[in-house]
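Report on the following structure.
Keep in mind that this is a model prediction, so the values were computed, not measured. So you know, we letter chains A, B, ... as the sequences are listed, proteins then strands, and number each from 1.
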Number of protein chains: 2
Amino acid sequence: MATLGLACVRLCAGLMGRRASPWLRPLRCLSGMTVSQIDEEVAKLLELKARLGGDDGKQMFVLKTPKGTRDYNPKQMAIREKVFNIIISCFKRHGAETIDTPVFELKETLMGKYGEDSKLIYDLKDQGGELLSLRYDLTVPFARYLAMNKITNIKRYHIAKVYRRDNPAMTRGRYREFYQCDFDIAGQYDPMIPDAECLKIVYEILSELDLGDFRIKVNDRRILDGMFAVCGVPDEKFRTVCSTVDKLDKMAWEDVKTEMMNEKGLSEDVADQIGKYVSMQGGLDLAERLLQDPKLSQNKQACAGLTDMKQLFGYLQLFQVTDKVVFDLSLARGLDYYTGVIYEAVLCQTLQPPTPAAAEQDGAVPGDEAGVSVGSVAGGGRYDGLVGMFDPKGRKVPCVGVSIGIERIFSIMEQKAEMSAEKIRTTETQVLVASAQKNLLEERLKLSAELWNAGIKAEVLYKKNPKLLTQLQHCEETGIPLVAILGEQELKDGVVKLRNVANREEVDVSRADLVEEIKKRTSES
Amino acid sequence: MATLGLACVRLCAGLMGRRASPWLRPLRCLSGMTVSQIDEEVAKLLELKARLGGDDGKQMFVLKTPKGTRDYNPKQMAIREKVFNIIISCFKRHGAETIDTPVFELKETLMGKYGEDSKLIYDLKDQGGELLSLRYDLTVPFARYLAMNKITNIKRYHIAKVYRRDNPAMTRGRYREFYQCDFDIAGQYDPMIPDAECLKIVYEILSELDLGDFRIKVNDRRILDGMFAVCGVPDEKFRTVCSTVDKLDKMAWEDVKTEMMNEKGLSEDVADQIGKYVSMQGGLDLAERLLQDPKLSQNKQACAGLTDMKQLFGYLQLFQVTDKVVFDLSLARGLDYYTGVIYEAVLCQTLQPPTPAAAEQDGAVPGDEAGVSVGSVAGGGRYDGLVGMFDPKGRKVPCVGVSIGIERIFSIMEQKAEMSAEKIRTTETQVLVASAQKNLLEERLKLSAELWNAGIKAEVLYKKNPKLLTQLQHCEETGIPLVAILGEQELKDGVVKLRNVANREEVDVSRADLVEEIKKRTSES
């Protein structure tokens with residue numbers, strides 16, 4: 001108990017900040033805590049105790065990554081590289097530049113941009129100097145970048161990690177540290193042309209990634225607001241009712257309706273009117289029909305949104321992507337900053353159920369998620385007001401963009417890779433420099449340097465006298481297609497024995513021709 | 001003043017942590033502060049006051065990135081991409097896999113690994129849950145990864161940002177957020193073979209980056225320790241004297257000697273003996289000579305280091321890199337975890353002096369740094385004990401690696417780019433889809449989609465009726481080489497007018513041949 005007592009004093013000092021000593025009062029520092037806070041502190045103390053050696057004084061390490069984060073092993077990196085290549089190629093095909101911003105921003109830069117989700121922002125400890133927070137998305141840093149550099153038009157992509165202290169569900173690809181791949185178009189342009197290109201990009205990427213069928217749901221903040229207005233929702237309840245509507249992809253209408261009435265205080269009549277609208281799905285036809293809707297057509301906001309929606313579908317037809325795009329009045333994305341069109345892409349297939357062990361790690365009830373839907377893999381919309389929030393004079397820069405949520409896509413690709421018979425190579429080595437006899441290390445190193453200098457991807461085992469079998473096994477295991485074998489005789493003859501690992505064929509190649517021969521053989525395969 | 005008073009109360013609450021209210025005493029909370037702490041708090045209060053509207057109540061924003069960090073604009077990203085490609089190609093040429101780890105680690109993972117530099121670690125705020133810190137380098141996360149996954153041999157590279165709360169000097173490429181490009185070889189191998197490959201890699205990368213002449217200094221922790229021992233430095237002073245020796249690249253010997261005597265408490269005789277050794281530079285010959293040194297040869301540690309050094313230079317000769325590698329007894333890298341060979345690459349050229357404005361931003365005295373040396377651009381060494389620190393049973397995994405410090409290289413490349421006449425393209429767009437007449441937006445969008453679907457990098461202006469001149473100017477500005485021009489006549493004839501932006505030549509190309517023609521033309525250039 002002495003250890004625990006000491007730990008408590010230290011912990012209280014920690015809780016009270018950097019210069020705590022003058023007012024340190026261990027006995028009082030637990031006042032005002034909730035039960036769950038106490039549980040949390042007890043858990044921390046016990047972990048500390050364990051680390052200090054526990055009851056038997058043996059040192060213990062906690063060998064793990066932080067909650068909600070993961071390492072990527074070489075195989076996962078190979079998959080990640082493949083996915084990124086497809087996405088980046090698409091962004092470049094559409095003429096985008098790229099930028100990068102710091103992983104943290106001034107805390108105030110992020111404040112007031114995310115509504116209720118602000119509680120999920122990671123703050124850095126105040127160690128003197130500025131107050132900092134890890135970025136929550138790439139959109140707000142982008143807007144800050146535009147305002148700071150007075151840029152009024154740009155088409156850029158940005159691929160980087162973002163951070164959210166959310167409840168992780170890693171088997172479904174939901175992490176606290178995750179990649180976003182953002183493409184945004186800033187500038188004052190004719191309506192819906194850049195918006196349509198964003199949807200075309202989502203279409204191209206999801207098609208190329210070959211993840212099965214998908215749908216891109218589209219709606220408009222102004223249509224939602226207009227709909228709430230004509231249904232009789234008071235202005236101040238728009239956002240909160242919106243977040244209830246947003247649950248329609250996971251909850252049945254009846255439950256959503258109950259929440260609207262019981263938690264959001266709407267009358268049954270108002271809820272039913274909303275229910276009628278949010279069940280509507282369609283395309284150009286639906287936009288046209290709603291423009292004739294006796295109630296909705298009376299609302300200016302809704303009409304503006306519907307007119308743009310019509311225009312958007314016109315462009316999408318030219319882009320030949322309307323087979324996957326649905327105008328869906330139930331789509332209501334959470335973020336505060338959207339001002340016009342919003343969209344979200346969902347995969348139609350479901351993920352394989354995770355292994356019970358993996359599910360348990362996530363804190364899920366085993367058997368609970370058989371064939372879980374991975375949910376949205378991309379989303380975005382128009383945010384014409386965000387840059388203006390950073391401009392001292394409030395000058396607006398209209399923006400529209402899309403964010404590809406890559407972790408869920410990784411999860412699917414990893415599952416596919418695991419189930420497939422094909423072996424993923426994690427290196428690109430073309431040839432192993434080997435020897436069948438002893439005392440040839442120096443010759444192996446010399447030949448390796450020759451090959452490296454000629455741009456050949458080559459490896460050599462770091463042993464003085466490795467067995468030939470060991471060297472060949474290394475090739476089999478890592479997929480190296482060729483072996484350059486040196487021996488006394490070969491050195492005398494000025495040749496190298498080049499072996500094809502797959503069919504075991506060996507030919508002598510003159511040292512002068514070796515580089516060309518390796519290039520020829522590896523470009524063929 | 002009312003505002004300032006309120007801010008003070010809030011600030012104190014902030015300093016005291018999350019549950020501060022029961023013991024909040026504004027009048028006492030400034031006790032125990034140093035003058036610089038008070039200055040810092042005053043600055044924070046004044047910033048807060050400014051944000052709250054200052055004296056005239058006008059809202060103000062602080063539009064900046066956090067201290068010591070930067071955005072990368074598209075041009076800088078183009079340079080970054082070029083540098084990364086060279087580095088990654090080299091790592092892959094040497095058969096490396098890649099991994100990734102989270103940007104933050106459990107705080108305890110980083111504790112006890114960096115000696116005095118630990119104070120530079122960024123901690124995350126305790127928001128409940130685990131205590132986290134931003135990674136300080138990629139080596140400790142790598143060691144954690146090996147121990148956690150029980151990996152005993154791997155050759156991997158890792159390119160990612162690391163974080164240090166250091167004093168930034170951005171004009172010289174010293175940031176608080178910066179990239180490291182690490183290559184490491186873990187495993188039990190014959191001595192100095194992987195170590196030699198690491199140096200070969202540094203040599204290849206610095207040669208390919210074409211940054212002018214460079215030197216790679218090499219030394220060994222065991223030679224340093226042996227040298228201190230035979231010179232009469234007490235064991236417990238090895239590390240601190242080591243950090244004084246490390247200053248020899250920035251300070252004259254006389255000043256280093258003074259520090260050894262006055263601050264580290266060495267006698268003049270001991271200092272002079274050290275001085276004799278640390279002035280020595282050479283290669284294989286120096287290692288051989290020191291193995292005969294009457295004092296050093298009596299020290300077991302030093303002999304082991306010198307024997308390995310001899311071996312290393314033998315391999316470096318086979319790799320043909322000894323023209324740039326120097327065995328330098330004054331090299332003493334700071335990090336605690338090195339156990340054997342250490343090395344550091346420095347560029348021989350100097351950076352252009354920064355503009356006075358940029359220097360001032362860094363807090364430097366203008367005129368102070370004419371032709372500043374960029375210092376070390378790569379460093380590394382052997383750390384055989386680090387993985388064992390994470391293993392519950394202390395099992396060791398020998399490791400050697402190198403880290404390329406890319407920000408200083410970026411600084412040089414950016415300067416070179418600025419001074420060069422060559423324009424850097426920030427997009428890869430091959431063709432702009434344009435029209436000379438009105439009302440052809442739909443045709444432009446249709447053709448763009450055709451080109452995108454065929455893998456052509458194409459742009460189209462987001463205006464209904466852009467002027468042809470505007471479209472051509474966009475190509476000039478962004479370096480797009482081709483324009484596909486649509487007009488009523490071309491549409492009737494089933495052709496597109498393909499214009500070469502550089503020489504203004506135009507030819508009609510049939511719509512069916514357009515993709516092939518664009519591919520042909522852009523692969524030529």
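For Ile151(B), no part sits under 4.5 Å from any heavy atom of chain A, backbone or side chain. Ile121(B) touches chain A through its backbone: at least one of N, CA, C or O sits under 4.5 Å from a heavy atom, while the side chain does not. At a 4.5 Å heavy-atom cutoff, the contact between Val103(B) and chain A is made by backbone and side-chain atoms alike. With a 4.5 angstrom heavy-atom cutoff, Gln430(B) does not touch chain A via any of its atoms. Contact annotation for Ala147(B): both backbone and side-chain heavy atoms come within less than 4.5 Å of a heavy atom of chain A. Heavy atoms of Leu441(A) lying under 4.5 Å from chain B belong exclusively to its side chain. Of the atoms belonging to Glu81(A), it is side-chain heavy atoms, and not backbone ones, that fall under 4.5 Å from chain B. Neither the backbone nor the side chain of Ile480(B) comes within contact range of chain A; no heavy atom of the residue lies under 4.5 Å from a heavy atom of that chain. When heavy atoms are compared at a cutoff of 4.5 Å, Leu432(B) does not approach chain A at all. For a residue to count as touching a neighbouring chain, one of its non-hydrogen atoms must lie under 4.5 Å from one of that chain's; by this rule Arg165(B) touches chain A with the side chain only. No part of Glu450(B) comes within reach of chain A, as not one of its non-hydrogen atoms sits under 4.5 angstrom from that chain.
Arg93(B) and Glu428(A) are not joined by a salt bridge, as no carboxylate oxygen comes within less than 4.0 angstrom of a charged side-chain nitrogen. Comment: Lys67(A) does not engage Glu105(B) in a salt bridge, judged by the lack of any side-chain N to carboxylate O separation of less than 4.0 angstrom. Between Arg80(B) and Asp100(A) a salt bridge is recorded (basic side-chain N to carboxylate O distance below 4.0 Å). Looking at Arg135(B) and Glu177(A), no side-chain N of the basic residue comes within less than 4.0 Å of a carboxylate O on the acidic one, giving no salt bridge. The pair Lys64(A)-Glu130(B) meets the salt-bridge criterion, with a side-chain N (NZ, NE, NH1 or NH2) lying under 4.0 Å from an Asp/Glu carboxylate O.
Annotation for Gln320(A): atom CD does not count as buried by contact number, only 12 or fewer foreign heavy atoms lying within 6.0 Å. When the shell of 6.0 Å around NZ of Lys463(B) is examined, it contains more than 12 heavy atoms from other residues, nucleotides or ligands.
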* To do: Would you check, one step at a time, whether the test side-chain contact (heavy atoms from CB on, under 4.5 Å) holds for Tyr145(B) with Asn73(A)?
  => CA-CA 9 Å; Tyr145(B) 174 82; Asn73(A) 67 32; 3.2 Å; yes

* Given Glu97(B) and Lys75(A), is the salt bridge (charged side-chain N to carboxylate O under 4.0 Å, His left out) satisfied, shown in steps? -> CA-CA 9 Å; Glu97(B) 311 178 285; Lys75(A) 270 199 186 145; over 6 Å; no

* Between Lys92(B) and Thr429(A), does a side-chain contact (heavy atoms from CB on, under 4.5 Å) hold up when you go through it step by step? -> CA-CA 7 Å; Lys92(B) 286 188 173 175; Thr429(A) 310; over 6 Å; no

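How far CG of Leu124(A) is from CG of Asp123(B): 8.5 Å, rounded to the nearest 0.5 Å. One finds the OH atom of Tyr163(A) at 11.5 Å from the CG atom of Leu132(B) (value rounded to the nearest 0.5 Å). The distance from atom CG of Asp71(A) to atom CE of Met148(B), rounded to the nearest 0.5 Å, is 5.0 Å. Within the model, atoms NE2 of His94(A) and OG1 of Thr427(B) stand 13.5 Å from one another, a figure rounded to the nearest 0.5 Å. Atom-to-atom distance recorded for Met192(B):CE and Tyr462(A):OH is 13.5 Å, nearest 0.5 angstrom. Here the CG-CG distance, from Leu318(B) to Leu447(A), works out to 11.5 Å after rounding to the nearest 0.5 Å.
The most heavy-atom pairs under 4.5 Å with chain A, out of Ile185(B), Ile154(B), Leu134(B), come from Ile185(B).
Closest approach of Trp452(B) and Glu204(A) over heavy atoms only: CB-OE2, 3.5 Å.
Side-chain contact check for Tyr189(A) and Lys464(B): no donor-acceptor pair (N or O, by modelled atom type) lies under 3.5 Å. Looking only at atom types and distance, the side chain of Tyr315(B) has no donor-acceptor partner in the side chain of Glu442(A) under 3.5 Å away.
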